[in-house]
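Nothing fancy with the numbering, it's 1 onward along the sequence. Because only heavy atoms are used, hydrogens play no part in the values below, and waters and symmetry mates are left out as well, while side chains stay in.
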Amino acid sequence: MEEDEQMKAAVYKKALEMGILKDPQWLNRLNDPMPVWAVLQLVLQLIDVVDPPSKSYD
């Protein structure tokens, strides 16, 4: 269980360093549930960034 908490703290620290999170209180909310629609939205946005829809050159 300790490894799990260390992994969460490392993810939090990286998100804070990258400016994704700005409020240190998020550290206390790492185990809060997230709605499926929100997870799907994040995945779809990531896919658009990593593999954007191709545009025709015609």
Within 6.0 Å of [atom1] in [X], more than 12 heavy atoms from elsewhere:
X     : atom1 : result
Met34 : CE    : yes
Glu17 : CD    : yes
Lys14 : NZ    : no

**Prompt:** At what distance, to the nearest 0.5 angstrom, does CE of Met7 lie from CD of Glu5?
**Reply:**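 That separation rounds to 8.5 Å.
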**Item:** Close side-chain approach of Lys13 and Leu27, heavy atoms under 4.5 Å
**Value:**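 Not in contact.
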Looking only at heavy atoms, what is the nearest atom pair of [X] and [Y], with distance?
X     : Y     : answer
Leu16 : Leu21 : CD1-O, 3.3 Å
Arg29 : Asp32 : NE-OD2, 2.8 Å
Leu30 : Ala9  : CD1-N, 4.5 Å

**Item:** Criterion side chain to side chain contact (heavy atoms under 4.5 Å, CB included) on Ile47 and Val43, from CA distance to verdict
**Value:** CA-CA 6 Å; Ile47 289 171; Val43 171; 3.9 Å; yes
**Asked** With Pro35, which residues qualify under side chain to side chain contact (heavy atoms under 4.5 Å, CB included), at least two apart?
**Response**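 Pro35 satisfies side chain to side chain contact (heavy atoms under 4.5 Å, CB included) with Trp37, Ala38 once adjacent residues are dropped.
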**Tyr12 side-chain N/O to Pro24 backbone N/O, donor-acceptor pair under 3.5 Å** =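 Yes; judged by distance alone, with no hydrogens or angles, the pair exists.
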